[in-house]
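Note sheet for the following structure.
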Amino acid sequence: MIEPVTAPVTAPLTVRHVAWPHPERPAPLPAPHERARGISVTDRALYRHGEGWVPVSGEVHYSRLPRHRWPERMRQLRAAGVSVASTYAFWNHHVAERGRPRFDGHLDIGAFIDDAAAAGLDVMLRIGPWAHGESRHGGFPDWVQETPVAHRSDDPAYLELVREWFGQLATALDGRAQPGGPVIGIQLENELYDRPEHLVTLQRLAREAGMSAPLWTATAWGGAMLPDGDVLPVFGGYGDGFWVDPGAPWDPTFRAHYFPSHDWDDPGVGADVRASQGFAAASATADLHGFPPATCELGGGMATAYHRRPVLAGRDVAALAHVKIGNGSAWQGYYMFVGGRNPGPGLQETIDTGYPNDMPEFGYDFHAPIGQSGDLAGSAPLLRAQHAFLSAFGDRLSGMSSSLPDVRPASLDDGTTLRWALRSAADEGIVVISHHQPFDQVTDATDVQLRVVRGDTETVFPSRPVTVPAGTLARWPVGLAVGRARIAWATASLVTVLTGAPRPTLVLIEDHGIPVEIAVGGDAPRDVTPGHRPIRFDDVDVVVLPASDADRLWVRPGAHPELWLTDGELAWDADGALGRGTVEAQRYDPHAREWSTATVAADASAPPAAGSERASVELLREPHAPPADYGFGGPRHRAPSAEAFRERAARYRVHLPAASLDPEADAALDLDWAGDVGRVVVDGRVVDDRFWDGTRWSLSLRDAGATATSEIMVDVLALSPASTIALAAGAVSRRADAAATSLRATVRLRPWQRLA
């Protein structure tokens, strides 16, 4: 007789709801005389008109973009689910010469704020005076840097310079940074670690100049000492960084951000600049000062320095942000969300100006979700879904505590234990799974069943163990109320809720490789095959989109969100939907429970259709053999000089197809190249540069100032096989190409077209 084989029983992974330790307490801000826009804050959350609110801020630097791009970038931000445009006002961009401030053209900060407000965005204004942002002297104009004062302190002589700058800035803002205006927050300084009294002084000077807002913030990482109650501490976190030495491995301070945790500090961000500015070593303690945990610098990508050129995948960026949601973040803030270019030569951080790194002179793409050319990166659709979730459920999420599971990774080297957390209140919760990290990928988590304990209520799901694949970023409801229905649990990720119809429609998306089950009310769980048709339950419709729709998914933000699918890019203005790179899009109608199709409007005056064409590339000058390096500043390599380009660079002439210079076509020049450093030269003027990291280089021909008669050159320095700069894996595999240089060029026509 053959005995039956019993499969081993795996105990569920348990998390227990941990209630808030004390009653909710009002935070010190907004000050009574600065309350506006319905904003209030407690030690748990931010509120808007009495409802919980999770802001999503995306960094975009107006002075690093042409002015004609501002409305488009604001629409793109809003379509990405961003609700707050955050920006530095760089002192050195505005006042290169003392007494001659400029706030015209691409420096018209008032017009930028108006464009943001017109797109439905609030504004977070970062006024410095010291900003960093990889800017020369941290944003100080040369004449400020050279003035014999104690910078970034309460030295009266320094404060006179600050008072002058704040007055000029306030005049240009013309009341926009006053309570009730579109500026809802002002950040003072940046990465100031041990001078809380100086932050208080800066706040006083800003108010005296005529700038104020409901919220005042200051960066809190590195154990920064902040004035108690005067500023909301904001934190950051990056998946990798250019600010470590070239031979260093992936730093633990980056790795830590991919684990469930309640530690909000990051001693690694800007550690090299901290040392160069004379600040003490970082502490590992974060003090929230009675405010909820908020972020302003979740890495939306990463800049490249000459000595170290990290490249993060889209899921690397999205996972870092996703972890913070599970950890209890009350504000999701990204740096950068929109890439750009410096507005002139010599405005970048360099070793020669006393900073630790040589940065590109012009390029500041940052591998951001929206690149400097306006193209979307791989992180964009993943973040878009997260932001739709935060918009739909933020009113409840903001009141939910964060609880960590009983079994957590044993160390930063543990790549096998499932990474997850619970956001919950007494009656409902959301499981946040963030099982991913860059470089040293985690393993699939097998035989996973979850046990969520909330008081006397215990929920075990799914009905049978599943494998959670590496790379999973999931948001699963537990006891979540949707209208009159209650979702007992589901193994598909929350996206949004469509309202306005007699019954709400809950939108979920399948997590790749995980079977979808849904249990509603007290009914038995139902196996669900993802698709586009709604599933009818008592009191609620549920649409479970297939995982293959992840890149096609768009949610138009607003009081009544709209669900769209398209293969291209979408944005919206006052007249409706705009598409780029798409012929048609589908929109779900919750009233009819059907999808309708929107197509490009038939219009004789419409811009040309999207398309791409190979550009002719002519090699005019062969590269000269490069040296192993161009010198060092400490352990870090110096970038090659302009003289090195003249003597050693290969020169390519790019011949553009005629259609690419139609201004309505909004053409992008894509360069697939290999080398060390490249520069694009239009009519003898350098307009962009890049340190090679193995990724595509794209720039807008219109933004570069190219016309029908322009001569376009690309100069490329070869990379020595003996160079010890740190390259991403994708570039390492192409080092042979880089030693000889190579260049291919494609022009893409990418007009926005009205959908109807």
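Note: hydrogens, waters and symmetry copies are ignored here, and every other heavy atom, side chains too, is used. The model shown is predicted, which means the values in this text are computed figures rather than measured ones.
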Legend entry - Atom pair CE (Met336) and CD1 (Ile370), whose distance is rounded to the nearest 0.5 Å: 10.5 Å

Inset, instruction - State whether a side-chain donor-acceptor pair under 3.5 Å links Tyr364 with Glu134. - result: yes

Inset, instruction - For a ring-ring contact (aromatic ring centres under 6.0 Å, His included) with Tyr238, tell me which candidate from Trp243, Tyr258, Phe254, Trp250 qualifies. - result: Trp243

Legend entry - Gap separating the CD atom of Gln145 from the NE2 atom of His137, nearest 0.5 angstrom: 5.0 Å

Legend entry - Side-chain donor-acceptor contact under 3.5 Å, Glu191 with Thr219: no

Inset, instruction - Enter the distance from Arg204:CZ to Leu199:CG here, rounded to the nearest 0.5 Å. - result: 13.0 Å

Legend entry - Contact summary for Ala380 and Pro369, nearest pair of heavy atoms: CB-O, 3.9 Å

Legend entry - Ion pair check, Arg176 and Asp114, cut-off under 4.0 Å: yes

Legend entry - Donor-acceptor pair, side chain of Ser398 and main chain of Val54, under 3.5 angstrom: no

Inset, instruction - Could you please spell out the steps behind the side chain to side chain donor-acceptor pair (under 3.5 Å) verdict for Arg64 and Gln372? - result: CA-CA 9 Å; Arg64 282 172 162 156; Gln372 70 175 42; over 6 Å; no

Legend entry - Close side-chain approach of Val123 to Ile184, heavy-atom, < 4.5 Å: no

Legend entry - Main-chain N/O of Leu397 paired to Arg423 side chain as donor or acceptor, under 3.5 Å: yes

Legend entry - Salt bridge present between Asp142 and Arg136 (N-O < 4.0 angstrom): yes

Inset, instruction - Flag the pair Pro260 / Arg419 as yes when at least one side-chain heavy-atom distance between them is below 4.5 Å, and no otherwise. - result: yes

Legend entry - Spacing of CZ belonging to Arg126 relative to CD belonging to Glu189, to within rounding of 0.5 Å: 11.5 Å

Legend entry - Nearest heavy-atom neighbours spanning Ala330 and Pro55: O-CD, 3.4 Å

Legend entry - Heavy-atom pair with the smallest gap, counting every atom of Pro310 and Asp240: CB-OD2, 3.3 Å

Legend entry - Pair Phe112 and Trp70, ring centroids less than 6.0 Å apart: yes

Legend entry - Check: Leu215 and Leu46 side chains under 4.5 Å, non-hydrogen atoms: yes

Legend entry - Exercise: do Trp216 and Glu34 side chains pair donor with acceptor under 3.5 Å: yes

Inset, instruction - Taking the side chain as every heavy atom from C-beta outward, state whether Glu59 and Tyr88 have any atom pair closer than 4.5 Å. - result: yes

Inset, instruction - Mind listing the closest non-hydrogen atom pair of Ala209 and Ala170 along with its distance? - result: O-CB, 3.2 Å

Legend entry - Test: Arg308 and Asp245 ion pair at under 4.0 Å: no

Inset, instruction - Could you tell me whether a side-chain N or O of Arg78 sits under 3.5 Å from a main-chain N or O of Leu121, the two making a donor and an acceptor? - result: no

Legend entry - side chain to side chain donor-acceptor pair (under 3.5 Å) evaluation trace for Asn92 with Ser135: CA-CA 9 Å; Asn92 59 350; Ser135 184; 3.1 Å; yes

Legend entry - Pro28 and Phe291, any side-chain heavy atoms less than 4.5 Å apart: yes

Inset, instruction - Over 60° means perpendicular and under 30° means parallel, so classify the ring planes of Phe140 and Tyr158, tilted if in between. - result: perpendicular

Inset, instruction - Go through the side-chain N and O atoms of Asp228 and His289 and say whether any donor and acceptor fall under 3.5 Å apart. - result: yes

Inset, instruction - State whether Arg67 and Asp115 are salt-bridged, where the test is any N-O pair (Lys NZ or Arg NE/NH1/NH2 against Asp/Glu carboxylate O) under 4.0 Å. - result: no

Legend entry - Pair Arg195 + Asp154, salt bridge at N-O below 4.0 Å: no

Legend entry - Carboxylate-amine/guanidinium proximity below 4.0 Å for Glu72 and Arg75: no

Inset, instruction - Determine, using ring centers only, whether Phe366 and Tyr335 are less than 6.0 Å apart. - result: yes

Legend entry - Worked check of side chain to side chain donor-acceptor pair (under 3.5 Å) between Gln437 and His257: CA-CA 9 Å; Gln437 71 178 23; His257 290 295; over 6 Å; no

Inset, instruction - Indicate yes or no for a side-chain donor-acceptor contact from Arg341 to the backbone of Phe362 under 3.5 Å, with no hydrogens or angles considered. - result: no

Inset, instruction - Work out which heavy atom in Asp265 is nearest to a heavy atom in Gly222; give both atom names and the distance. - result: OD1-N, 2.7 Å

Legend entry - Any donor-acceptor N/O pair, His322 side chain to Val317 backbone, under 3.5 Å: no

Inset, instruction - Taking Arg48 for its side chain and Arg37 for its backbone only, find out whether a donor-acceptor pair lies under 3.5 Å. - result: yes

Legend entry - Single hit among Leu205, Leu159, Leu161 for side chain to side chain contact (heavy atoms under 4.5 Å, CB included) with Phe166: Leu205

Legend entry - Gln168 and Thr171: side chain donor to acceptor below 3.5 Å: no

Legend entry - Parallel, tilted or perpendicular: rings of Phe90 and His61 (30°, 60°): perpendicular

Legend entry - Thr353 backbone acceptor or donor facing Thr350 side chain under 3.5 Å: yes

Legend entry - Min side-chain heavy-atom separation Leu202-Pro129 under 4.5 Å: yes

Legend entry - Cation-pi check, Arg638 onto Tyr306 ring (under 6.0 Å, within 45° of axis): no

Legend entry - Donor-acceptor pair, side chain of Ser401 and main chain of Trp20, under 3.5 angstrom: no

Inset, instruction - Indicate yes or no: at least one non-hydrogen side-chain atom of Pro179 is less than 4.5 angstrom from one of Ser212. - result: yes

Legend entry - Minimum-distance pair of heavy atoms, taken over all atoms of Ala116 and Ala85: CB-CB, 4.4 Å

Legend entry - Donor-acceptor contact below 3.5 Å, side chain Asp43 vs main chain Arg25: yes

Legend entry - His387 side chain to Leu383 backbone, donor-acceptor under 3.5 Å: yes

Inset, instruction - Determine, step by step, whether Met74 and Val60 satisfy the side-chain contact (heavy atoms from CB on, under 4.5 Å) criterion, reporting the C-alpha distance in whole Å, the side-chain angles of both residues, the deciding distance to 0.1 Å, and the verdict. - result: CA-CA 9 Å; Met74 297 304 100; Val60 49; 4.0 Å; yes

Legend entry - Approximate separation, where rounding is to 0.5 Å, of Ser379 OG and Leu320 CG: 11.5 Å

Legend entry - Contact check, side chains of Pro360 and Gln348, non-hydrogen atoms, under 4.5 Å: no

Inset, instruction - Show the numbers, then the answer: is there a side chain to side chain donor-acceptor pair (under 3.5 Å) between Ser63 and His106? - result: CA-CA 6 Å; Ser63 59; His106 69 284; over 6 Å; no

Inset, instruction - Give me the ring orientation class for Trp264 and Phe235: parallel if the planes are under 30° apart, tilted from 30 to 60°, perpendicular past 60°. - result: tilted

Legend entry - Aromatic ring pairing Tyr62/His94, orientation class (parallel under 30°, perpendicular over 60°, tilted between): tilted

Inset, instruction - Could you grab the distance from atom CG of Leu404 to atom OG of Ser261, nearest 0.5 Å is fine? - result: 7.0 Å

Inset, instruction - Quickly, which of Trp91, Trp130, Trp143 forms a ring-ring contact (aromatic ring centres under 6.0 Å, His included) with Trp165? Name it, please. - result: Trp91

